[in-house]
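Notes follow once the structure below has been shown.
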There are 2 protein chains.
Amino acid sequence: MTDHLKNNKIQLERIFHPKRLAVIGVSAGSMGFGSRTIETLLHFGYQGEICPVNPKGGTISGLKIYKTIEEIPGDLDLAIIAVPAPLVPAALEACRLKGVIGAEILSAGFKELGTPEGRALEEEIKSISRKGIRVVGPNCFGIYCPTGGLTILPGLDFSRESGPVAFLAQSGGMAGEFVMNGSSLGLTFSKVVSFGNGVDLRETELLQYLGNDPGTKVICMYIEGVEDGRAFFKVLKEVAATKPVIIYKGGLSPAGSRAVVSHTASLGGSRQIWESMMRQANAVQVNNSLEMAQAALASVLLPERPVRGMAVVGGGGALGVAASDTAEIFGIELPLLTPDTQKKIMAILPKPGSSATNPVDAANPGVPPEILKEVLLKSGEEKTIDLQLLIQLLYIYKSILRRGEITLDEATPYRGLIKAIGEVEGKTDKPVVLVLPNSRRELEDLDLEEVRRRAGRVFFENGILTFENLNDAFRSIAHVSRYYSRREAREAVTLAA
Amino acid sequence: MTDHLKNNKIQLERIFHPKRLAVIGVSAGSMGFGSRTIETLLHFGYQGEICPVNPKGGTISGLKIYKTIEEIPGDLDLAIIAVPAPLVPAALEACRLKGVIGAEILSAGFKELGTPEGRALEEEIKSISRKGIRVVGPNCFGIYCPTGGLTILPGLDFSRESGPVAFLAQSGGMAGEFVMNGSSLGLTFSKVVSFGNGVDLRETELLQYLGNDPGTKVICMYIEGVEDGRAFFKVLKEVAATKPVIIYKGGLSPAGSRAVVSHTASLGGSRQIWESMMRQANAVQVNNSLEMAQAALASVLLPERPVRGMAVVGGGGALGVAASDTAEIFGIELPLLTPDTQKKIMAILPKPGSSATNPVDAANPGVPPEILKEVLLKSGEEKTIDLQLLIQLLYIYKSILRRGEITLDEATPYRGLIKAIGEVEGKTDKPVVLVLPNSRRELEDLDLEEVRRRAGRVFFENGILTFENLNDAFRSIAHVSRYYSRREAREAVTLAA
């Protein structure tokens, strides 16, 4: 790492983990943006010292309000600025003179307005930043970093637990949506940054920082436009050689490009050029926030290697057909099992209706976990199989309730599945991924949804990757497999050279 | 209609609406397949007379068990056969001699086993059927027809209400899955048939029947293989000229084709040939059961005409970008609004952050329905717009609860949306489709899911088409639009000729 990079890293570490921060633009007794920021920080459990600033003074949430930034004694790591746009340059300059490391400018009303006044204000804060203060924003939601006690404004309920996934975007809305989508899948986050108009800190530098961040295993990005394509591409290539970088690019269509201009005033660029650049850099390309969260989940839970062949085990012939067709769409092989393995599996499965070519059809969706375990142990022994997919229709157990006295949670054999999968993974050293389709989603079936979500949480805690449908499962597995396959190929070329 | 067709129609009407039926293969006091069938029919509310048959006699569910089929007095419309495979030919022959119109053979153990014995048994029942009894099956789940009081075996909870959607498949599992997926969206069904190995009644004849069935507005099919490609294609073309036929073809990949052989012993066929045949016939092609249910929903709720251009209204820039990119994927135009309309809309929307090119960005996801109504009235006036899409993040209203005393259901403005959309549709004569993304799907957010499902039901009852994400929305709208666009083009050619 160069001295310059090291210096940047130290600055960014202080911004992500501020010991003392100022909130500029609060008013005692009112619920403006600044006041809500303080409330949110306190609620989220920020452990450092908060210094509110307002010329009128007073107190807020039990904290003394300083009349000016200069009045605050001692060093400050971060200033959160939420004053109206025309007052931002003066506030930022005061922070710079005070020696504050970085500022998060939440205020809107800059370049995104498309007016000469907006552009001029933005140029002003850009030049102040160049003189020596790092800036996130303006027109942004800022930083969510559980280890630093920071959260973005709609992030009151975000997890306090830190985790392996990072996210970068100009858009605050997308940052919030991605954290919610990821959390719904069980993911936790190291750092999430909405950098808005990005006058200073933006995609390239933040990506480089996250590439060197030991707490970040997977980096996700939503990009509407990049400031310096060449620089970004170079850093992307470097970072993607060490950890998965998953990118959702918005605005690749003509109407999308028009929408991008209204949103962040970025230039969209051609789909073909972009996609070819991404392939060259070995970035994982996705098409929406949920697909990105699922690809991140698969990156976190799957082994770091390509999947050359998969076995699929389920109960129901049409499911096997669907699994096969979906595997082909995503370029995944379902190799025929050897006659010997087929014979062993057929000796275990109920008859008639079962088959063991691959997909393995257990004939009946209610085959118990103990039997499925025996099947998976056999198919998992095959050399051509790197990963196994088990399809389970957990909703069928609702029909059992009519006849018994047990709860739906007890009737649904998810704990048995966890035990069975744990044993299979232990003995074969190959992951078993679960697909849990649910076709019953009426208002009267909320009990099924509850069990599904509770089971999903326990599966995640046990390191088991689960999906709601075949498409999501194969797509996510293919993303991870393709990433490691390309990475291995490149590493081989580098070694040979 | 030819006499032959009329005769078939009369036979099929009696099979779908049997006044008297026999259930062959019940045992007093046991819970075999036949006994469960009777329990299911009674629970489902079958209004005709049920005649159980078992050589031992006795009673079941309060019904007298006849020892033989011959012993049953009077006419029978339908026999449900659930005896072991080797006993099926004799039972079917007895039904034929008795003059029963049709038989539903639930028993498995025929051609699908791949054994000489299985094939021989299947040939036997085929030749009995040819001598004069219609057969659904064997190896099937049979018929779900609410107006006839019939349901398939896993269909105990299926709706008693009849509706506009029909479904055909060999696979019983897929029939059950499709009904559940459709019901979750609010759909109701006219006739659903799982015909299993299909020795007699199968895709072509049933499709022709449904084409002439006034209660069926949309026909959905899951196909693993067709018996007579030429005949099927001819009927498909005829029927698709009068109502949408939505087809999900399984087994178009090599592994899928192998799975099809294990499942229904059908021949898969090449993807290219199949897809080109489907385009020629103007069938709607889908890739899974949920996509099929959504396309059926859109066919039921949207006007019967192509969509040449759409307006998209939402609050949040990245959402607009995503909508634009997704529209392009599905070949849908989002025409730029005229400067005059843009100006009118900008006069209504909050600032800064909003824009009105198309997509219209209301800047804020919480803009109230009354304001959205004004926007939609303006954009809906444009000649280039045939349909409007409104994106609403209903989950944001959960954050309001912290500050008030109202319930989540009260806080979520779905009733206001229904009123607004009703007025816009009334004045513009153009549908407004809702997209309600939900990124909050944690265990703690079941309350959101409950409100979403309750709101979804009310939207459906008010004829408003809703989707959970942009992809599903654009894909479904594109399916319907492409169908009517091709149909119009063909009708124009026919008129010109």
Side-chain angles (χ1 to χ4, degrees), chain A residues 108-109 112-113 154 156 171 173-174 177 180-181 183-184 222 224 250-256 258-260 262-264 287-290 316-325 327-328 334 336 352-353 355 357-359 361 365 399 439-443 446 449-450 453-454 457 469-471, chain B residues 108-109 112-113 154 156 171 173-174 177 180-181 183-184 222 224 250-256 258-260 262-264 287-290 316-325 327-328 334 336 352-353 355 357-359 361 365 399 439-443 446 449-450 453-454 457 469-471:
Chain A
E112 79 281 3
L113 292 185
L156 212 59
S171 166
M174 191 57 84
E177 188 185 327
M180 287 188 276
N181 272 322
S183 302
S184 302
Y222 170 68
E224 294 197 345
L252 289 174
S253 66
R258 198 167 70 214
V260 154
S262 313
H263 185 215
T264 49
N287 291 306
N288 58 62
S289 160
L290 185 59
L319 272 176
V321 175
S324 309
D325 289 344
E328 195 203 33
L334 304 187
L336 198 62
S355 72
T357 49
N358 189 21
D361 180 1
S399 60
S439 307
R440 296 188 65 150
R441 295 180 312 280
E442 292 192 65
L443 184 54
L446 273 172
E449 185 65 22
E450 185 178 352
R453 292 186 185 188
R454 183 166 312 120
R457 189 166 286 185
N469 61 61
L470 289 167
N471 199 71
Chain B
E112 80 279 4
L113 293 185
L156 211 58
S171 166
M174 191 56 84
E177 188 185 326
M180 287 187 277
N181 272 322
S183 302
S184 301
Y222 170 67
E224 293 197 345
L252 289 175
S253 65
R258 198 165 73 214
V260 154
S262 314
H263 185 215
T264 50
N287 290 306
N288 58 62
S289 160
L290 185 60
L319 272 175
V321 174
S324 309
D325 288 345
E328 195 203 32
L334 304 187
L336 198 61
S355 72
T357 48
N358 188 20
D361 179 1
S399 60
S439 306
R440 296 187 65 149
R441 295 178 312 279
E442 293 193 64
L443 185 53
L446 273 173
E449 185 66 21
E450 185 177 350
R453 293 186 186 188
R454 180 163 316 117
R457 188 166 287 183
N469 61 62
L470 289 166
N471 200 70

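Numbers restart at 1 for each chain; the letters A, B, ... are given by sequence-line order, proteins then strands.
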Could you go step by step and tell me if B:Y222 and B:N288 meet the side chain to side chain contact (heavy atoms under 4.5 Å, CB included) rule?
-> CA-CA 9 Å; B:Y222 170 67; B:N288 58 62; over 6 Å; no
Mind running side chain to side chain contact (heavy atoms under 4.5 Å, CB included) on B:E449 and A:R453 for me, showing each step along the way?
-> CA-CA 12 Å; B:E449 185 66 21; A:R453 292 186 185 188; 3.3 Å; yes
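For the atom pair B:N287 CG and A:N471 CG, the distance stands at 8.5 Å (nearest 0.5 Å).
The most heavy-atom pairs under 4.5 Å with chain A, out of B:G317, B:A108, B:G316, B:P365, come from B:G317. Comparing A:G109, A:A323, A:G256, A:S184 by heavy-atom pairs within less than 4.5 Å of chain B, the highest count is held by A:S184. Across A:S183, A:P254, A:A327, A:G173, the residue that shares the most heavy-atom pairs under 4.5 angstrom with chain B is A:S183.
With a threshold of 4.5 angstrom between heavy atoms, B:S355 approaches chain A through side-chain atoms but not through N, CA, C or O. Looking at A:L290, only its side chain comes within 4.5 Å of chain B, counting heavy atoms on both sides. For B:L443, the parts lying under 4.5 angstrom from a heavy atom of chain A are both the backbone and the side chain. At a 4.5 Å heavy-atom cutoff, the contact between B:R441 and chain A is made by backbone and side-chain atoms alike. For B:D325, the parts sitting under 4.5 Å from any heavy atom of chain A are the backbone and the side chain alike. Both the backbone and the side chain of A:N358 come within contact range of chain B, judged by heavy atoms closer than 4.5 Å.
Every residue two or more places apart in sequence or in another chain that forms a side chain to side chain contact (heavy atoms under 4.5 Å, CB included) with B:S324 is listed here: A:S253, A:A255, A:A259, B:L334, B:P359. Under the side chain to side chain contact (heavy atoms under 4.5 Å, CB included) criterion, A:S289 pairs with A:M174, A:E177, A:F178, A:N181, not counting sequence neighbours.
Across all their heavy atoms, A:R440 and B:M180 have their closest contact at CG-SD, 3.0 Å.
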